[in-house]
Amino acid sequence: MLTISAIKKVLPHRYPMLLVDRVDELVPGERLVAVKAITCNEPWYQDLAEDAGDEEHAYPQTLLIESWCQAAGVLAAWDKPNPDVMSGQVMLFGSISDVVLHRPVLPGEVLQHRVRLVRALSDTVIFEGECLSDGETVMEVGRVVMAMRPAEELTGALPAAPAPVGAGAH
Amino acid sequence: MAPLAAGPVRAFPEISSEPGAPLRTTVQVHADERVFPGHYPGFPIFPGVCVVEQVRRSALATVPADAGKVIVRAIESTRFLSPVFPGDRLTVELTWSPRGEAWRCEAVAATERGRAATVRLRLVAAPEPSTSAEPHGTAPVAVDGPSTQERKAPC
């Protein structure tokens, strides 16, 4: 099991964008099971109207995807951790496809991300899997492609120093 | 103004296309968005999923009249082409097409430097609103307010 401090040694994400709480199972190069607990203390709920209902409290779909992808990132970077996006090799999103969102997720739910590594090339890793809440699938992830790239592709892409890049950051 | 749903980004896209012209929205990427301190410390990059979020909001703001109220059921594909930074202005161009019972919304998000992402969403009719507080209902509920409502950036 990896606790949050171990996750922070692998991922560069920090509050409020560190969206994986714990890793329960990790088979390097193969699969990972991670936990994300949804709480209404996350800042996304701060501006909601006082009379907001459950619909308005649905966890943002795009952050659910981000959370799953961060779990995949732990599996991808486990054997070569680099929590610094300014140097070395950094993990970038290439593409995401066939993500099906089955139902909204609410504060109080404890999510289980199941990540399977489909294929690993020299600098590209492909994942699939799903997200469960209390055994029920709330999201399916068909295919996520991540690429390891030199950090200069990001730092060099800053508007002050335009440069061609291949992928966006996750 | 309080937002209609929880979301990772405070700024909301506004429709910037003329009636009859191809659909387009624009939205500023403000440097004080909440995601930046953690993504990443010392090197703020607008998260790829937040680009998708602005596409999703743009889609929900431009739903075809005959689609009624819809929700996002699937992200069929997203390709990330270049990073987005604080201070950028995102422009989203959208194309809607019916797909049987569902709708497809294809979008290109771009900054001043070129295309940032291409996104294809599948949207389906929103179920009737439920008055139940039961959080484990199997039917999805809408995550946004009425699609016809005009959005304004709350910040």
Side-chain angles (χ1 to χ4, degrees), chain A residues 12-18 40 42-50 52-63 65-66 69 84-86 92-109 133-134 136 153-155 157-159 162 164-170, chain B residues 2-10 34-43 45-53 56 71-85 87-88 111-113 116-117 120 122 129-130 132-145 154:
Chain A
H13 307 74
R14 292 296 181 266
Y15 178 87
M17 280 300 282
L18 178 54
C40 69
E42 290 187 48
W44 335 118
Y45 294 111
Q46 186 178 359
D47 298 334
L48 280 185
E50 189 56 32
D54 279 346
E55 282 188 21
E56 289 81 5
H57 284 85
Y59 195 69
Q61 291 175 324
T62 44
L63 291 181
I65 296 168
E66 172 73 18
C69 287
D84 177 13
V85 286
M86 302 290 280
L92 304 177
F93 263 149
S95 66
I96 301 173
S97 32
D98 299 320
V99 174
V100 183
L101 299 145
H102 287 279
R103 70 157 170 87
V105 170
L106 289 175
E109 294 197 54
S133 176
D134 205 13
E136 176 194 357
E153 287 200 11
L154 275 181
T155 53
L158 272 168
V165 291
H170 72 99
Chain B
L4 295 171
V9 191
R10 280 185 161 137
R34 279 183 292 232
V35 294
F36 286 128
H39 197 280
Y40 298 95
F43 191 58
I45 306 171
F46 199 55
V49 295
C50 290
V51 177
V52 177
E53 176 71 15
R56 191 190 73 90
I71 57 169
V72 175
R73 169 49 48 84
I75 294 170
E76 293 184 344
S77 72
T78 294
R79 287 188 66 217
F80 297 101
L81 303 169
S82 65
V84 178
F85 297 106
D88 280 345
T111 66
E112 297 86 337
R113 295 179 303 284
R120 205 165 71 216
R122 187 166 80 245
S130 162
S132 162
E134 169 59 66
H136 286 283
T138 51
V141 293
V143 293
D144 278 278

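Side chains are part of it too, since the values below use all heavy atoms of this structure and drop only hydrogens, waters and symmetry mates. Residue numbering restarts at 1 for every chain, and letters A, B, ... go by the order of the sequence lines.
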Engineer: Using a cut-off of under 4.5 Å on heavy-atom pairs, state which of A:Ala49, A:Ser95, A:Gly108 scores highest against chain B.
Structural biologist: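 Highest number of heavy-atom pairs under 4.5 Å: A:Ser95.
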Engineer: For the pair A:Arg14 (side chain) and B:His39 (backbone), establish whether a donor and an acceptor sit closer than 3.5 Å, ignoring hydrogens and angles.
Structural biologist: no
Engineer: How close do B:Pro8 and A:Thr62 get, counting heavy atoms only, and between which atoms?
Structural biologist: CG-OG1, 3.9 Å
Engineer: In terms of the angle between their ring planes, are A:Phe93 and B:Phe80 parallel, tilted or perpendicular, with boundaries placed at 30° and 60°?
Structural biologist: parallel
Engineer: Return the minimal non-hydrogen interatomic distance between B:Phe43 and A:Leu158, and the atom names on each side.
Structural biologist: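 Heavy-atom minimum between the residues: CE1-CD1, 3.6 Å.
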Engineer: Could you report the tightest heavy-atom contact between B:Glu76 and A:Ser97, atom names first, then the distance?
Structural biologist: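 Here B:Glu76 and A:Ser97 meet closest at O-CB, 3.1 Å.
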Engineer: Chain B heavy atoms under 4.5 Å from A:Leu63: which part of the residue, side chain, backbone, both or neither?
Structural biologist: side chain
Engineer: State, to 0.1 Å, how close B:Ala6 and A:Ala58 come at their nearest heavy-atom pair, and which atoms those are.
Structural biologist: CB-O, 4.0 Å
Engineer: I'd like to verify something: which residue of A:Pro16, A:Gly53, A:Pro12 has the highest number of heavy-atom pairs under 4.5 Å with chain B?
Structural biologist: A:Pro12
Engineer: With rounding to the nearest 0.5 Å, note down the distance linking CD1 in B:Ile75 to CD1 in A:Ile96.
Structural biologist: 7.0 Å
Engineer: Once you round to the nearest 0.5 Å, how far does CZ of B:Arg10 lie from CG of A:Asp47?
Structural biologist: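 Going from CZ on B:Arg10 over to CG on A:Asp47, the span is 4.5 Å.
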Engineer: Let me confirm one number: the CD1-OG1 distance from B:Ile45 to A:Thr155, rounded to the nearest 0.5 Å.
Structural biologist: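 These two atoms lie 9.0 Å from each other.
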Engineer: Sort out for me which of B:Arg34, B:Arg79, B:Glu53 touches chain A most, counting heavy-atom pairs under 4.5 Å.
Structural biologist: B:Arg34
Engineer: Identify the two heavy atoms, one from B:Val35 and one from A:Trp44, that lie closest to each other, and give their separation to 0.1 Å.
Structural biologist: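 Taking every non-hydrogen atom into account, CG1-CZ3, 4.0 Å.
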Engineer: Can you tell me how far CD1 of B:Ile71 sits from CD of A:Gln61, rounded to the nearest 0.5 angstrom?
Structural biologist: 7.5 Å
